[in-house]
Protein chains: 2
Amino acid sequence: MNNSRFPISLHILTLLDDAKGAVVSSEYLAGSININPVLVRKEIMNLRKHGFVDSKEGKGGGSYLAKNAIDINLGEVYLAVRNHHLLGQSKNEPNPKCPIGRQINQHLDTLYSDAESALIKNLSSQTLADFTSKFQ
Amino acid sequence: MNNSRFPISLHILTLLDDAKGAVVSSEYLAGSININPVLVRKEIMNLRKHGFVDSKEGKGGGSYLAKNAIDINLGEVYLAVRNHHLLGQSKNEPNPKCPIGRQINQHLDTLYSDAESALIKNLSSQTLADFTSKFQ
DNA sequence: TTGTACTGTAACAAATAAAATTACAGAATG
DNA sequence: CATTCTGTAATTTTATTTGTTACAGTACAA
């Protein structure tokens, strides 16, 4: 159920912030996170698509933050990586002949978006810079 | 990543509330949710462990709410079924030789518990009775 | 007291999803 | 033009989730 894209992306962003603008290779990032470099590059592709990072190809290439860490909040990062419903969703369609089953998905949807809004609001109160400053 | 225990449990509780105290079989519940009865029984085992439902074995048996729907809030239900970290956790240990990797898990943990508290607070504002009342 | 309809639970199989690996084209550098 | 990177696809491996089968035990009711 659960994938680890959020912690991976945040780990990447933290390392890039720590690099203070220097270009960092996917191999180095993968080494700190302890995952495969190709997976890092896939996450970076997504982070780039959302404007958080930029990359430089070729020899001496790598990635770097595309905006100031103070202008990236963790709610945006969450939104950039989320793919599932936060509280899980059965892929099976409930029975449409059952009066409860027929309606439950729509009610779960509103429940989920309310709950997710509360989560995002909380995450948004913290910037990448706030997060990175905790490391010494 | 993502499992569907929360929607399944909430679906079960909704059906039981709707049954107004009558005993409901796992087969009936499974039919509405459109999943396997054994999976329903496993979820019920957990709901029973947390005091939300009770079951009656043998012929004519099944499950029923153990407390009033007004006394069950959705935050408690979430807590009863949660098993992973909300925002995902890489099972791989980050590199302990990296100053960021070495510390990131502890910082993610506090980030997660704050965010999860916000989510639970939101969910707790709604009772099972509130949720069920949306169905007509 | 026996058949029937349930739950409880374990063991296993199948399906799905996530992650790792391999491979290689293309870009930038010296 | 060799080297060191990224970008990306294809494939394999591994892990997780879900479904299935099986059967003992419990309660009811004829």
Side-chain angles (χ1 to χ4, degrees), chain A residues 1-9 11-12 15-16 19 22-50 52-64 66 81-85 87-95, chain B residues 1-9 11-12 15-16 19 22-31 33-49 52-64 66 81-85 87-95:
Chain A
M1 131 168 31
N2 205 24
N3 68 21
S4 48
R5 292 186 57 201
F6 180 80
I8 288 174
S9 282
H11 197 145
I12 291 170
L15 289 165
L16 295 185
V23 152
V24 184
S25 76
S26 63
E27 190 134 0
Y28 177 85
L29 296 169
S32 170
I33 305 172
N34 196 22
I35 60 170
N36 195 283
V38 176
L39 188 54
V40 170
R41 298 208 281 267
K42 278 181 190 159
E43 275 314 311
I44 282 174
M45 207 170 7
N46 180 58
L47 291 171
R48 199 169 52 237
K49 201 175 76 191
H50 285 87
F52 298 124
V53 310
D54 238 319
S55 303
K56 205 182 147 201
E57 288 187 45
K59 186 173 180 178
S63 303
Y64 50 94
V81 301
R82 80 175 207 133
N83 47 7
H84 298 309
H85 267 290
L87 299 172
Q89 182 113 41
S90 179
K91 63 185 161 318
N92 285 303
E93 276 307 303
N95 188 345
Chain B
M1 110 192 80
N2 205 24
N3 67 20
S4 50
R5 292 186 58 202
F6 180 79
I8 289 174
S9 282
H11 198 145
I12 291 170
L15 289 165
L16 295 185
V23 152
V24 184
S25 77
S26 64
E27 191 134 358
Y28 178 85
L29 297 170
I33 306 174
N34 196 22
I35 58 170
N36 195 283
V38 176
L39 190 53
V40 170
R41 299 210 280 269
K42 278 179 191 163
E43 275 313 313
I44 283 174
M45 206 170 10
N46 181 57
L47 292 171
R48 199 168 53 236
K49 201 174 77 190
F52 298 124
V53 310
D54 239 318
S55 303
K56 203 181 148 201
E57 288 186 46
K59 188 172 180 178
S63 302
Y64 51 95
V81 302
R82 81 174 207 133
N83 46 7
H84 298 309
H85 266 288
L87 300 172
Q89 182 111 42
S90 179
K91 63 188 162 319
N92 285 303
E93 276 308 304
N95 188 344

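Just so it is clear, the structure is predicted and the values come from calculations on it, not from any experiment. Only heavy atoms go into these numbers, but all of them, side chains included; no hydrogens, no water, no symmetry mates. Residue numbers begin at 1 in each chain, while the letters A, B, ... track the order of the sequences.
Atom-to-atom, CG of Leu47(B) to P of dT7(C) comes out at 14 Å; the value is rounded to the nearest Å. Distance CG (Asn34(A)) to P (dT21(C)): 10 Å, rounded to an integer number of Å. dA18(C) atom P lies 17 Å from atom CZ of Phe6(A), rounded to whole Å. Rounding to whole angstrom units, CD of residue Glu43(B) and P of dT17(D) are separated by 12 Å. We find that CG of Asn46(B) is positioned 16 Å from C1' of dT7(C), with the value rounded to whole Å. The CD1-P distance, from Ile44(A) to dG7(D), rounds to 7 Å in whole Å. Atom CD1 in Ile35(A) sits about 12 Å away from atom C1' in dA18(C), given to the nearest Å. Rounding to whole angstrom units, CZ of residue Arg5(A) and P of dA20(C) are separated by 14 Å.
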Return a table of donor-acceptor pairs under 3.5 angstrom between the side chains of residues 36-45 of chain B and protein atoms on other chains or two or more places apart.
unit_1: Asn36(B); atom_1: OD1; unit_2: Val38(B); atom_2: N; d: 2.9
unit_1: Arg41(B); atom_1: NH1; unit_2: Ser26(B); atom_2: OG; d: 3.1
unit_1: Glu43(B); atom_1: OE1; unit_2: Ser9(B); atom_2: OG; d: 3.0
unit_1: Glu43(B); atom_1: OE2; unit_2: Arg5(B); atom_2: NE; d: 2.8

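Side-chain contact between Tyr64(B) and Val23(B): present, with at least one pair of heavy atoms (C-beta onward) separated by less than 4.5 Å.
Residue Ser63(B) places no side-chain N or O under 4.0 Å from the OP1 or OP2 atom of dT7(C). Between dA18(C) and Ser4(A), no contact under 4.0 Å exists linking OP1 or OP2 to a side-chain N or O.
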Per-nucleotide protein contact along nucleotides 20-30 of chain D, 5' to 3', at a 4.0 Å heavy-atom cut-off (B base, S sugar-phosphate only, - neither), is BB----BBB--
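Under the rule for a salt bridge (Lys or Arg N to Asp or Glu O under 4.0 Å), the partners of Arg82(B) that lie at least two apart in sequence or sit in another chain are Glu116(B). By the side chain to side chain donor-acceptor pair (under 3.5 Å) test, Asn46(A) pairs with His50(A), sequence neighbours left out. Scored by the side-chain contact (heavy atoms from CB on, under 4.5 Å) test, Lys59(B) finds no partners at all (sequence neighbours excluded).
DNA chain D lies under 4.0 Å from at least one heavy atom of each of the following residues of residues 23-30 of chain A: Ser25(A), Ser26(A).
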Using the rule given for side-chain contact (heavy atoms from CB on, under 4.5 Å), can you reason through Val24(A) versus Ile12(A), listing the C-alpha separation, both sets of side-chain angles and the distance that settles it, and then say yes or no? CA-CA 10 Å; Val24(A) 184; Ile12(A) 291 170; over 6 Å; no
Assess whether side-chain contact (heavy atoms from CB on, under 4.5 Å) is satisfied between Ile8(B) and Ile35(B), documenting all intermediate values. CA-CA 9 Å; Ile8(B) 289 174; Ile35(B) 58 170; 3.8 Å; yes
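The distance from atom OH of Tyr28(A) to atom CG of Leu15(A), rounded to the nearest 0.5 Å, is 6.0 Å. Atom CG of Leu29(A) is separated from atom OG of Ser63(A) by 6.5 Å, given to the nearest 0.5 angstrom.
Nearest-nucleotide assignment on DNA chain C puts the 5′-proximal partner with Gly61(B), out of Met45(B) and Gly61(B).
Judged purely by atom type and a 3.5 angstrom limit, Asp54(A) has no side-chain atom pairing as donor or acceptor with the backbone of Ala66(A).
Heavy atoms of Arg48(B) sit under 4.0 angstrom from primed sugar atoms or phosphate atoms, though from no base atom.
Axis angle between the ends of the helix from dT1(C)-dA30(D) to dG30(C)-dC1(D), five pairs each and rounded to 10 degrees, works out to 10°.
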